Visitor: 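First the structure, then my questions, so here it is.
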Amino acid sequence: MTYTDDGFEIPVLYKGEKLLVPGELLSTGYTHKIRVLVQGVSLLLEPDEERNYRAVLEDPEAAGHSPVDRELVQAVIDAVEAIVK
């Protein structure tokens, strides 16, 4: 993981290609969320009770959302879990 002025980049291996996904840590009370930008869509990664992450659209009401590749989202989640566990 590399850090930038605005957050960090998460290295993701997806279909044999190395990607750097921009991320930002958001602390909320006793937990946290990670904001990531995947294919131009802002997602929040939230840990569940078992400390596995799930992805949620940050603004589901925003117009113009293009579909996000589910396999890519899962690859980002897998990369985050490998870093934090």
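Quick caveat: nothing in here was measured; it's all calculated off a predicted structure.
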Visitor: So do the side chains of E81 and R51 get within less than 4.5 Å of each other, counting heavy atoms only?
Guide: no
Visitor: Do I10 and V80 come close enough that some side-chain heavy atom pair is under 4.5 Å?
Guide: yes
Visitor: Which hydrophobic side chains are connected to L44, either touching it within the sub-4.5 Å cutoff or through other members that do?
Guide: L26
Visitor: Please list every donor-acceptor pair under 3.5 Å in which a side-chain atom of residues 27-39 meets a protein atom from a residue at least two apart or in another chain.
Guide:
residue	atom	partner	partner atom	Å
H32	NE2	Y53	OH	2.6
K33	NZ	E46	OE2	3.3
R35	NE	E58	OE1	3.1
R35	NE	E58	OE2	2.9
R35	NH1	E24	OE1	2.8
R35	NH2	E58	OE2	2.9
Q39	OE1	D69	N	2.9

Visitor: What residues form a side-chain hydrogen bond (donor to acceptor under 3.5 Å, both in side chains) with K85, not counting sequence neighbours?
Guide: N52
Visitor: Report the distance from atom CD1 of I83 to atom CZ of F8, rounding to the nearest 0.5 Å.
Guide: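 One finds 8.0 Å between CD1 of I83 and CZ of F8.
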Visitor: Go through the steps for V56 and L43 under the test side chain to side chain contact (heavy atoms under 4.5 Å, CB included), then give the verdict.
Guide: CA-CA 6 Å; V56 178; L43 302 173; over 6 Å; no
Visitor: Taking all atoms of both residues into account, what is the closest heavy-atom pair of L13 and A75, and its distance?
Guide: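 Heavy atoms of L13 and A75 come nearest at O-CB, 4.0 Å.
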Visitor: Compare all side-chain heavy atoms of D59 with those of S42 and state whether any distance is below 4.5 angstrom.
Guide: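 With C-beta onward as the side chain, the pair stays apart.
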Visitor: Which pair of heavy atoms, one from A79 and one from P11, lies closest together, and at what distance?
Guide: CB-O, 3.5 Å
Visitor: Between L19 and L72, is any pair of side-chain heavy atoms under 4.5 Å apart?
Guide: yes
Visitor: In terms of hydrophobic clusters joined by side-chain contacts under 4.5 Å, are L25 and V84 together?
Guide: yes
